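Numbering of ligands and ligand atoms starts at 1, following listing order. Bear in mind the structure is a predicted one, so any value in this text is a computation, not a measurement.
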Amino acid sequence: MTSKDIQTTGYTPLHNYKSVHCVALNAAITPNKPTEPLQSNGDCHIAVTLHSCNTKVLCSQEADVSNDGPELHSTALCTSTNAEGVTQNYSTTQNIADQDNTDCETTSSLSGQPVPDHERHKKRTKSDSVLNTFGDSSGSHCQLRGKRKACRGSSIPTLILSDSTGRDSCLFEGNLSPDLLLFPESEELQSDTSHLNGRLESPVPSYTYLGICLNEHQNINSDTDLTNSANGHQLLSPRRSCDSAYGSCMESVNSMPQDDNHPILFSDNDTAMDNEDNSTGISASSQEELSHGSISSLSLCLPHRSVSPFSSSSSLASDVTTDAQVSTDESSGNLLVEGDSVSRKSSFSRNFSLRSSLSFEESEEDFASSEDGSTHSTVSRRNSKAKAQSSWTKIRRMVIWSPFMQSFKKKYPWVQLAGHAGNFQPGDEGCILKKFCEREADCLRSISDDPVLRNFAPTFHGIVECSAEKYTRMQDLLLPFDCPSLMDCKMGIRTYLEDELVLAKVKPRMRHDMYQKMVEISPDEPTDEEKELRAVTKPRYMQWREHVTSTSNLGFRIEGIKKSNNDPSKDYKLTKSVEQVTVAFKYFIDDNIDVLEKYIERLKEMREALESSDFFHRHEAIGSSLLFVHDSSGLANVWMIDFGKTSRLPEDQTLDHRSQWIEGNREDGYLFGMDNVIGVFEGIRDSMKPLHSLFLLSDLDSEQNVSSQDNVNCNDVTATYNNVTPQINITVTSPSPVTSRKPLCRQQSVNARADPDDVISNDVDALSLSERTL
Ligand SMILES: O=P(O)(O)O[C@H]1[C@H](O)[C@@H](OP(=O)(O)O)[C@H](OP(=O)(O)O)[C@@H](OP(=O)(O)O)[C@H]1O
Ligand SMILES: Nc1ncnc2c1ncn2[C@@H]1O[C@H](COP(=O)(O)OP(=O)(O)O)[C@@H](O)[C@H]1O
């Protein structure tokens, strides 16, 4: 199966989700004795492979889980292999004394302490083969009996658990885009199934899949579709939503064939009907599975507090309460799930938002299964199944708390670094959705069609509508990166439209929010009148922002930086001078010269493309940003984003994007800013290149002009060598990064070593770029 095979098409992605928590557990995982229920003290061997949706194997894990003694600790001896094939052995020990205790204690010993072979459980062969089957990048696990997982966006984890008998199961959890749930697509059932079966050398075992979605409409969507496959196995898949947030997606799901083999277990008003006993919640069974008795109960709870993937992290006011219980009805063999209501407050403040495809802190809370709000009669059944349930809990904990999963958790953040909170939604197939803005959509469309510029901005993928709201669908630029570091630089010497200025003069609108933001940074900034009104106009605020940041002097400003493993920071509201910007850029690139070179190269290409672009010369670009993204693998790229205030000029007008702005000429200083971004990066590069490689002291007389050195991009270097004190002062006049303006002059003071035959050493400790003023 190719990666194409697992791309699901044909339905519109879901919108308006604040977060979706999805859990899927297969009942098929068994202890070493496959025909017996999972015992609370049973040992088992599990294998886990984590795939991205594009079938890349992210990592895999095998674990021998043994419960040494009465329920206090469980130890997993694991081998974990990442995408690069690096294998790590470790053990994970967990205190699982309290099943409802979400603060599961985990200690792990990592690589360097390989788990001795004799400590491993025996039955590995079959698991290995399963692991290999799933671990060969084929992505075959994504299609189980024709049920296609809507694997959209690379950041989607798929967990496959395989037990020692070769039976495999799916554990799928985290904060996932709603369109990542399993959705049926009827066709390719047979071929893929046989393919998978063939590879597994055994029939695909029964799967039980439970999908639980949580959306901003404060509902838990616990819906299922029990589907019998051709080979008699059954699949429980998420089926419908209780409100419009599911939108068109549910249309497609609902359009799937429904016949005797596809019993619908739930009504549309979320008062789920158990086909056996009319109980509330989710009910479905994998009867074959249950008749084997390989699982008697499992318990799932959605987190009590859940971080919304698209809400502000710092101003998070998210309060989520939801529980879902799954247990087995022994008489019917059904799995029974209960869910209570969810309440959520979402924040719409302007701030960061983070999405993590896996949110295992949250998942951990899953283990605290609450009886509150349960309306189902399965409480007693649950209680009676507590023991077996605890085994499941343990396994999940093992997996979730292993270094393997913990490190994966960090790998997939989607970050909205700047901009308006609530503007973005998850999209499908590597896309994100941004609230529709005609100007922006027009620009993205034009740029995508422009052979010169198309690589420098997110690809435009049309306009979609959901819940009566329009979105622009565009390429998710973070897709290829692992744990990316991001920086958003707002370009130009001006951040407000001329129209806004005109309007503010004619009809000033006082903004309290902007006054508030202003005094937070500069309490003394407002005039007496503004203080009295506790409000400022938008242009006043915007101009002040430009003035206290590098917008006005350098033609760009840093909006935010997020280093791979750190929280995002927008603490650049007073970053103005070249030195301050240099410090921030250096922090961002972390002295990684390769990344730096890539940025410089890319920026220069982009500048060249912009200079030659008719589109660009005919547009005024206000508030547009450069998004810098790199990761530890050295992958680095820069794109232009945010065209919400980029507008076409009258036919007879063009801009050079470097000239001074005079009201009415609509110049925006975009290229001026770009020149300076490049200049600062080049300054950093030069400072990182030790000058001692350039000059030998012996080459220098007491005073000598040294000709241009290519590798420092100097026009002229004047070096003064003082024979008495080994000190050299070098003045480098570099080509101006601000081409049409006064050249920047860098003065570098270099300490020379005493030995004149030796190279000049070391620090370029005084680097000053004289800033030009507008
Ligand atoms: O960055 P801070 O200091 O918070 O100021 C913001 C940014 O300038 C926004 O620009 P961008 O979207 O380019 O980041 C701007 O949105 P506009 O683009 O609508 O001008 C906001 O205006 P309001 O949306 O009017 O609040 C303004 O409050
Ligand atoms: N195509 C994209 N791919 C990935 N991240 C993006 C993309 N577009 C925007 N972002 C993220 O969203 C943030 C805000 O984007 P922006 O378009 O400036 O929003 P706004 O119009 O609300 O200001 C950026 O800083 C970046 O982190």
Counting each atom of ligand 1 from 1 as listed, which ones have a heavy atom of [X] under 4.0 Å away?
| X | result |
| --- | --- |
| K538 | 17 (P), 19 (O), 20 (O), 22 (O), 23 (P), 25 (O) |
| R545 | 1 (O), 2 (P), 3 (O) |
| K645 | 17 (P), 18 (O), 20 (O) |
| G623 | 13 (O) |
| K517 | 2 (P), 3 (O), 4 (O), 5 (O), 6 (C), 27 (C), 28 (O) |
| Y541 | 2 (P), 3 (O), 4 (O), 5 (O) |

Check [Y] with [X], please: is the shortest side-chain N to carboxylate O separation under 4.0 Å?
| X | Y | answer |
| --- | --- | --- |
| K573 | E520 | no |
| E546 | R494 | no |
| E620 | R439 | no |
| D642 | K434 | yes |

Out of all atoms in ligand 2, which are within 4.0 Å of some heavy atom of [X]? Include the element for each.
| X | result |
| --- | --- |
| D476 | 3 (N), 4 (C) |
| D488 | 24 (C), 25 (O) |
| N423 | 20 (P), 21 (O), 22 (O) |
| L417 | 13 (C), 25 (O), 26 (C), 27 (O) |
| V415 | 27 (O) |
| Q475 | 1 (N), 2 (C), 3 (N) |
| L477 | 1 (N), 2 (C), 3 (N), 4 (C) |

Polar proximity ligand 2 side, [X] side, N/O cut 3.5 Å exclusive:
| X | value |
| --- | --- |
| S625 | no |
| P458 | no |
| L627 | no |

Are more than 12 heavy atoms, taken from residues, nucleotides or ligands other than [X], located less than 6.0 Å from that residue's [atom1] atom?
| X | atom1 | result |
| --- | --- | --- |
| E438 | CD | no |
| R534 | CZ | no |
| E605 | CD | yes |
| E663 | CD | yes |

Quick one: does ligand 1 sit under 4.0 Å from the side chain of D642, the backbone, both or neither, non-hydrogen atoms only? side chain
Say whether F424 and ligand 2 are in contact under the criterion: heavy-atom distance to a ligand atom below 4.0 Å. yes
Just checking, K563 and Y587: is the charged tip under 6.0 Å from the six-membered ring centre and within 45° of the axis? yes
Side chain, backbone, both or neither: which applies to [X] and ligand 2 if a contact is any heavy-atom pair less than 4.0 Å apart?
| X | result |
| --- | --- |
| K434 | side chain |
| M474 | side chain |
| I641 | side chain |

Which atom pair, heavy atoms only, marks the closest approach of S625 to K490? OG-CA, 3.6 Å
Out of L626, L477, I600, V629, which residue meets the side chain to side chain contact (heavy atoms under 4.5 Å, CB included) rule with V638? L626
Is the shortest N/O to N/O distance between K490 and ligand 1 below 3.5 Å? yes
Taking both backbone and side-chain atoms of K573, is any N or O found less than 3.5 Å from an N or O belonging to ligand 1?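 Between K573 and ligand 1 (N or O atoms, distance only) the closest approach is not under 3.5 Å.
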Measure the distances from the heavy atoms of Y496 to every atom of ligand 1 and state whether one is below 4.0 angstrom. no
Report yes or no: does K435 contribute a side-chain atom to a donor-acceptor pair with the main-chain N or O of G422 at less than 3.5 Å?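 Such a contact is found between K435 side chain and G422 backbone.
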Side-chain donor-acceptor pair present, S569, D571, cut-off under 3.5 Å: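 Distance-only check fails for S569 and D571.
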Over 60° means perpendicular and under 30° means parallel, so classify the ring planes of F628 and Y599, tilted if in between. perpendicular
